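Please read all numbers here as calculations on a predicted model, not as lab measurements. The chain is numbered in sequence order, starting from 1.
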Amino acid sequence: MSASTYRLPPLPYAYDALEPSISKQIMELHHTKHHQTYITNLNKALETSSAALAQGRLQDAQAQLPAIRFNGGGHINHALFWEGLAPASSPEAQLDSAAPKLKAAIASTWGGVDKFQAAFSAALLGIQGSGWGWLVKEAATGQLRIVTLANQEAVVVGDTPLFGVDMWEHAYYLQYLNGKAAYVENIWKVINWKTAEARYTGAREDVFKVLKANM
């Protein structure tokens, strides 16, 4: 059996394009160092697991599952995260025009965009330690829901992730220090609502195409 090899997906914008909400320094380090490390470790774990299975050593292949889960989650989360951001001045970052169907669903679910943003921000700031917050569309009902996941757990079972926010310290600390609330407040300015709308109205499989495109 051969293992898949994943590559770092290019950003759809320049490293300084999200300033001042997210600094160029953070984007460079976050993308080329942190995300790349998850991919490097994922590929290593997949290769080791595949080799063990080929030799009939199920126990050794099984031993790689924690590394595959953690680093695979890191790759999935970050690949979706980059696509979910856009420069504040771009058309993609304008909720009203870029995501009319999603905006209507948000208003129906939470009673207004402001109430949704307050609920999402509270969920992000309530994460203990490292983790992610996601807006998802439920598989069974099509309803919107806010979910938080610890460490690098990924939204991979059923629900469709529409956009997520990285709450690991490496996502904000160089710029905001311990000011997580300021980071959360400012990231709303660079959400790619066009991408969120496409994920909301499209097929779940399409959300994860970025992973296949970088193999």
Spacing of [atom1] belonging to [X] relative to [atom2] belonging to [Y], to within rounding of 0.5 Å:
{"X": "L125", "Y": "M167", "atom1": "CG", "atom2": "CE", "value": "5.5 Å"}
{"X": "K44", "Y": "Q64", "atom1": "NZ", "atom2": "CD", "value": "8.5 Å"}
{"X": "L29", "Y": "Q36", "atom1": "CG", "atom2": "CD", "value": "13.5 Å"}
{"X": "Q62", "Y": "S49", "atom1": "CD", "atom2": "OG", "value": "8.5 Å"}
{"X": "N43", "Y": "H75", "atom1": "CG", "atom2": "NE2", "value": "8.0 Å"}
{"X": "Y6", "Y": "T40", "atom1": "OH", "atom2": "OG1", "value": "14.5 Å"}

Take H35 and F81 through the side chain to side chain contact (heavy atoms under 4.5 Å, CB included) test and state the conclusion after the steps.
CA-CA 11 Å; H35 190 178; F81 180 54; over 6 Å; no
[X]-[Y] aromatic ring centre distance below 6.0 Å:
{"X": "W82", "Y": "H30", "result": "yes"}
{"X": "H78", "Y": "W132", "result": "yes"}
{"X": "Y183", "Y": "Y173", "result": "no"}

Heavy-atom pair of closest approach, residues [X] and [Y]:
{"X": "D159", "Y": "A139", "result": "OD1-N, 3.3 Å"}
{"X": "I127", "Y": "G133", "result": "CD1-N, 4.1 Å"}
{"X": "A98", "Y": "P91", "result": "CB-O, 3.7 Å"}
{"X": "L144", "Y": "T109", "result": "O-CG2, 4.1 Å"}
{"X": "P66", "Y": "A63", "result": "CD-O, 3.5 Å"}
{"X": "A86", "Y": "A93", "result": "O-CB, 4.4 Å"}

Are the charged groups of E83 and R199 less than 4.0 angstrom apart, N to O?
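Yes.
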Quick test of your reading of the model: are E197 and K103 salt-bridged, counting only N-O distances below 4.0 Å?
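A salt bridge is absent here (no side-chain N lies under 4.0 Å from a carboxylate O).
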How far apart are the C-alpha atoms of I22 and L85, what are their side-chain angles, what is the distance that settles it, and do they pass the side chain to side chain contact (heavy atoms under 4.5 Å, CB included) test?
CA-CA 10 Å; I22 306 177; L85 301 175; 4.2 Å; yes
Is any side-chain heavy atom of [X] closer than 4.5 Å to a side-chain heavy atom of [Y]?
{"X": "S21", "Y": "I191", "value": "no"}
{"X": "L124", "Y": "T148", "value": "no"}
{"X": "V165", "Y": "W134", "value": "no"}
{"X": "P161", "Y": "F208", "value": "yes"}
{"X": "P10", "Y": "N214", "value": "yes"}

If you apply the rule side chain to side chain contact (heavy atoms under 4.5 Å, CB included), what do you find for V147 with R145, and how did you get there?
CA-CA 6 Å; V147 300; R145 183 164 54 96; 3.0 Å; yes
Please tell me whether [X] and [Y] are part of a single hydrophobic cluster in this structure, the criterion being side-chain heavy atoms less than 4.5 Å apart.
{"X": "L211", "Y": "I68", "value": "no"}
{"X": "V190", "Y": "L162", "value": "yes"}
{"X": "L42", "Y": "I76", "value": "no"}
{"X": "L8", "Y": "F70", "value": "no"}
{"X": "W193", "Y": "I146", "value": "yes"}

Heavy-atom neighbours of Q128 CD exceed 12 at 6.0 Å:
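No.
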Surrounding NZ of K137 (heavy atoms of other residues, nucleotides or ligands, distance under 6.0 Å), is the total greater than 12?
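Counting other residues, nucleotides and ligands, NZ of K137 exceeds 12 neighbours.
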Answer with yes or no whether the side chains of [Y] and [X] bring together a donor and an acceptor at under 3.5 Å.
{"X": "N71", "Y": "Q152", "result": "no"}
{"X": "K189", "Y": "N186", "result": "yes"}
{"X": "S121", "Y": "Q117", "result": "no"}
{"X": "T141", "Y": "E138", "result": "yes"}

Walk me through whether T48 and D60 qualify under side chain to side chain contact (heavy atoms under 4.5 Å, CB included).
CA-CA 8 Å; T48 301; D60 293 332; over 6 Å; no
Are the side chain of N151 and the backbone of E153 linked by a donor-acceptor contact shorter than 3.5 Å?
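Not at all, since once roles are kept as given, no pair shorter than 3.5 Å links the two residues.
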Donor-acceptor contact present, side-chain S90 to main-chain P87, <3.5 Å:
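Yes, because the side chain of S90 sits within donor-acceptor range (under 3.5 Å) of the backbone of P87.
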Using salt bridge (charged side-chain N to carboxylate O under 4.0 Å, His left out), reason through E169 and K180 one step at a time and then give a plain yes or no.
CA-CA 9 Å; E169 284 190 346; K180 287 196 292 186; over 6 Å; no
Give the ring-plane orientation class for W188 versus F163, where under 30° counts as parallel, over 60° as perpendicular and anything between as tilted.
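The rings of W188 and F163 stand perpendicular, inter-plane angle above 60°.
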Full working for side-chain hydrogen bond (donor to acceptor under 3.5 Å, both in side chains) between H31 and Y15:
CA-CA 9 Å; H31 182 244; Y15 284 118; 2.9 Å; yes
